[in-house]
Novice: 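Have a look at this one before I ask anything.
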Amino acid sequence: MTPPEAPKTGSSSQGNRPPAVSVCLHTSGQMQVLAKRADFLKAARARKQGTSSMLVQARKRPEGEADGIRIGFTCSKKVGNAVARNRAKRRLREAARAVLLAQGKPGWDYVVIGKKTDTIARPFPLLVSDLEYALRKLHK
RNA sequence: GCGGAGGGCCGGAUGGCCGCGGGUGGGGCGUGUCCCUCCCGAGGAAAGUCCGGACUCCAUGAAGCAACGGUGCCGGGUAACGCCCGGGCAGGGAAACCUGACGGAAAGCGCCACAGAAAUGAAACCGCCCGGUCUGUCAAAGGUUCGCCUUUGGCAAAACUAGGGUAAGGAUGAAACGGUGGGGUAAGAGCCCACCGCGCCCUUGGCAACAGGGGUGGCACGGCAAGCCCCACCUGGAGCAAUGCCAAAUAGGACCCCCGCGCGGGCCUGUGUCGGCCCUGGUCGAUACCGCCGCUAGGCGCGCUUCAGCCGAGAGGGGUCGGGUUGGCAGCUCGAGCCACGCAGCAAUGUGUGGCCUAGAUGAAUGGUCAUCGACGGGGGCAACCCCAGAACAGAAUCCGGCUUACAGGCCCUCCGCGCAU
């Protein structure tokens with residue numbers, strides 16, 4: 001199973017870009033996993049909101065495509081080595097678990113993208129408030 | 001105590017709350033989901049993917065040959081290795097110890113820059129020595145016009161030399177057809193001698209690499225094989241996205257080319273035709289077709305050949321275009337496994353007994369947060385101590401054995417040298 005490529009950026013000069021590391025939640029029926037590359041690409045073309053510690057993409061799905069909240073995470077090699085990417089995605093997942101179950105809207109796809117240093121270094125309460133802020137802006 | 005060498009081990013700790021992946025057992029019902037309980041859940045390198053294997057397919061096995069590639073002192077270990085252990089040799093170090101692409105240069109080809117007289121056929125060149133010519137001088141003899149002249153022999157030095165001897169010396173270089181010393185000679189030279197080096201022979205020790213001793217040769221063998229090469233040994237390719245199964249969808253693929261479609265073989269329950277016999281249909285025979293069996297041509301291996309094996313008159317080989325390539329399960333973690341003790345061995349390792357089960361994910365779990373303790377570090381203070389900060393390299397993806405690379409800090413053992421004390 002090939003993970004998706006990291007987002008193309010202007011500074012991508014290295015030849016073999018490592019795949020991004022992502023994680024999905026398997027919580028109770030309310031939240032589901034984003035597992036298809038196509039779903040990530042659709043979310044990338046929808047609304048987005050950046051904060052100092054993350055970038056959040058959100059998309060309201062058409063009727064009948066799927067039920068409930070769906071979420072996926074992306075941390076490209078730009079975040080760091082494998083240990084740094086794992087740590088970043090885990091912190092993002094914990095923040096999403098705290099926020100999204102209460103404030104996420106059914107019928108929407110969310111993709112949370114980690115950033116280079118702040119996703120790991122930012123204190124956890126601020127990480128949570130960043131996600132809450134992004135969701136408020138996206139739901140308008 | 002200080003400095004150094006070798007080896008082994010560890011890789012932040014405890015607890016609360018909230019979570020994640022897998023599994024055992026139990027329960028609820030909507031029968032494939034939910035809930036509860038308990039258990040397990042990253043590394044010494046999980047890394048680089050550089051070697052060696054297991055396993056799977058290509059492709060059914062064996063033998064031989066060839067090609068490509070690899071390895072390279074000797075012995076041992078191992079499933080195997082380019083790994084490990086022990087030994088030898090060479091180099092380095094005061095020592096402990098470290099380092100080593102370490103087979104062959106009298107099979108052949110090639111190369112040896114710069115410098116140098118010359119870079120491997122050994123000779124040319126400079127130089128050295130002898131001889132010759134010429135000059136000077138001394139002695140003897142002869143002649144004399146008493147000034148000298150001639151001849152012979154000796155000595156000396158300069159110049160010239162179309163002759164001979166020589167390889168000791170010649171500023172170089174990584175390397176110069178052995179080194180040092182002595183004898184010898186016209187000058188020299190293994191020409192001769194002693195020691196060292198080298199080759200060969202014998203012998204002692206050792207499984208061997210090799211080492212010791214003796215004799216002998218008279219020096220004949222320059223370096224590079226990490227340039228080609230020779231020799232010995234090993235060696236098929238692709239990889240778990242291998243591979244197998246299930247389900248769904250789509251196609252139920254199309255077209256073309258090559259080779260072949262053979263046997264007066266056999267059987268028959270069939271069908272048709274012909275003929276004989278009994279007579280509205282049976283029976284017997286012949287023949288054609290279908291079917292089955294057999295034989296053969298032929299076909300089936302990454303390069304080739306042979307043998308065996310399999311398929312076989314439709315099986316095989318090849319090409320072009322089109323479609324599809326999603327989900328689940330297996331592979332998937334019990335294995336050259338881990339721990340303890342004993343035995344054999346210098347060791348690598350082997351073996352016996354007992355005990356243990358120790359991740360199995362797949363947009364990919366193994367975490368988040370808080371508290372306490374905390375190595376190294378930074379700041380202050382004479383000091384006790386106080387304050388700040390809070391852990392290196394790094395994340396399993398089929399599994400093992402190695403190698404290599406990265407790494408904060410700490411612990412243990414052995415050894416070498418120096419200093420102090422006894």
Side-chain angles (χ1 to χ4, degrees):
Chain A
M1 187 71 67
T2 303
E5 289 296 313
K8 291 294 182 191
T9 58
S11 64
S12 65
S13 59
Q14 292 175 328
N16 51 344
R17 291 185 64 83
V21 171
S22 302
V23 63
C24 288
L25 291 179
H26 288 279
T27 45
S28 59
Q30 301 178 349
M31 288 174 70
Q32 292 179 345
V33 183
L34 272 186
K36 295 286 169 53
R37 177 169 164 76
D39 290 331
F40 282 83
L41 292 177
K42 284 177 189 169
R45 284 193 298 268
R47 311 189 62 176
K48 62 190 68 175
Q49 176 64 47
T51 70
S52 63
S53 60
M54 70 190 74
L55 176 70
V56 182
Q57 299 167 341
R59 180 176 73 102
K60 181 170 171 59
R61 291 190 302 274
E63 285 293 323
E65 190 171 320
D67 295 330
I69 301 170
R70 299 201 304 178
I71 186 164
F73 298 85
T74 297
C75 289
S76 74
K77 194 79 172 187
K78 207 167 63 174
V79 173
N81 60 17
V83 175
R85 295 199 302 274
N86 276 327
R87 183 166 169 79
K89 88 193 170 187
R90 283 163 181 160
R91 297 192 88 218
L92 290 177
R93 192 192 55 184
E94 280 300 312
R97 194 168 61 87
V99 173
L100 220 58
L101 280 177
Q103 300 179 24
K105 292 187 176 179
W108 284 61
D109 283 349
Y110 300 94
V111 174
V112 184
I113 300 171
K115 285 193 170 181
K116 187 176 168 76
T117 52
D118 290 336
T119 305
I120 294 174
R122 195 158 172 83
F124 192 71
L126 293 177
L127 198 70
V128 170
S129 60
D130 281 347
L131 184 56
E132 288 172 338
Y133 168 79
L135 287 183
R136 279 201 308 275
K137 298 282 280 186
L138 288 166
H139 285 154
K140 280 183 180 176

Novice: Please classify the glycosidic conformation of B:U358 as syn (within 90° of 0) or anti (everything else).
Specialist: syn
Novice: Write down the distance between CZ (A:Phe124) and C1' (B:C18), rounded to a whole number of angstrom.
Specialist: 10 Å
Novice: Between protein and nucleic acid, restricted to nucleotides 390-399 of chain B and to nitrogen or oxygen atoms under 3.5 Å apart, what atom pairs and distances do you find?
Specialist:
{"residue": "B:G395", "atom": "N7", "partner": "A:Asn86", "partner atom": "ND2", "Å": "3.3"}

Novice: With rounding to the closest Å, how many angstrom separate the P atoms on B:A375 and B:G409?
Specialist: 15 Å
Novice: Under a 4.5 Å cut-off applied to non-hydrogen side-chain atoms, are A:Arg59 and A:Val111 in contact?
Specialist: no
Novice: Using the glycosidic torsion, which applies to B:G93: syn (within 90° of 0) or anti (everything else)?
Specialist: anti
Novice: Would you mind reporting whether A:Val79 and A:Thr119 have side-chain heavy atoms less than 4.5 Å apart?
Specialist: no
Novice: Looking only at atom P, what distance separates B:U349 and B:G379, rounded to whole Å?
Specialist: 49 Å
Novice: If you measure from the P atom in B:G213 to the same atom in B:A95, how many Å do you get, rounded?
Specialist: 23 Å
Novice: Taking A:Arg91 for the side chain and A:Arg122 for the main chain, is one N or O donor matched with an acceptor at less than 3.5 Å?
Specialist: yes
Novice: Rounding to an integer number of Å, can you tell me how far A:Glu94 CD sits from B:C17 P?
Specialist: 16 Å
Novice: Syn versus anti for B:G350, judged by chi lying within 90° of 0?
Specialist: anti
Novice: So, do A:Arg90 and A:Arg87 sit near enough that their side-chain heavy atoms are less than 4.5 Å apart?
Specialist: no
Novice: Would you mind calling B:U135 syn or anti? Take O4'-C1'-N9-C4 for purines or O4'-C1'-N1-C2 for pyrimidines, and syn is within 90° of 0.
Specialist: anti
Novice: Would you say A:Phe73 and A:Phe124 are hydrophobically clustered, going by side-chain heavy atoms of ILVMFWY under 4.5 Å?
Specialist: yes
Novice: How would you label the glycosidic angle of B:G70: syn (within 90° of 0) or anti?
Specialist: anti
Novice: Should A:Leu131 and A:Ile120 be regarded as members of a common hydrophobic cluster, given that ILVMFWY residues are connected when their side-chain heavy atoms come within less than 4.5 Å of each other, either directly or indirectly?
Specialist: no
Novice: Return the value, rounded to whole Å, for the distance between atom CZ of A:Arg122 and atom C1' of B:U369.
Specialist: 17 Å
Novice: Has A:Arg91 got a side-chain N or O lying under 4.0 Å from the OP1 or OP2 atom of B:U369?
Specialist: yes
Novice: Suppose you measure atom P in B:U166 against the same atom in B:G188; what distance do you get, rounded to whole Å?
Specialist: 14 Å
Novice: For the P atoms, the ones on B:A408 and on B:A90, what distance do you get once it is rounded to whole angstrom?
Specialist: 40 Å
Novice: How many whole angstroms separate atom CZ of A:Arg93 from atom C1' of B:G21?
Specialist: 10 Å
Novice: Taking CD1 from A:Ile120 and P from B:G368, how many angstroms apart are they, rounded to a whole number?
Specialist: 10 Å
Novice: Nearest-Å distance, NZ (A:Lys89) to C1' (B:A361)?
Specialist: 11 Å
Novice: May I ask you to decide if A:Thr51's main-chain N or O and A:Lys115's side chain share a donor-acceptor pair within less than 3.5 Å?
Specialist: yes
Novice: Name the pairing partner of B:C255, where a pair is Watson-Crick or G-U wobble with both distances under 3.5 Å, or state none.
Specialist: B:G319
Novice: Just how far, in rounded Å, is P of B:G368 from CZ of A:Arg97?
Specialist: 12 Å
Novice: C1' atom, B:U296 versus B:C263: distance in rounded Å?
Specialist: 8 Å
Novice: C1' atom, B:G281 versus B:G312: distance in rounded Å?
Specialist: 45 Å
Novice: Could you tell me how far B:A286 sits from B:G317 if I compare only their C1' atoms? Round to whole Å.
Specialist: 43 Å
Novice: Can you check the A:Leu127 CG to B:G367 C1' distance for me, whole Å?
Specialist: 14 Å
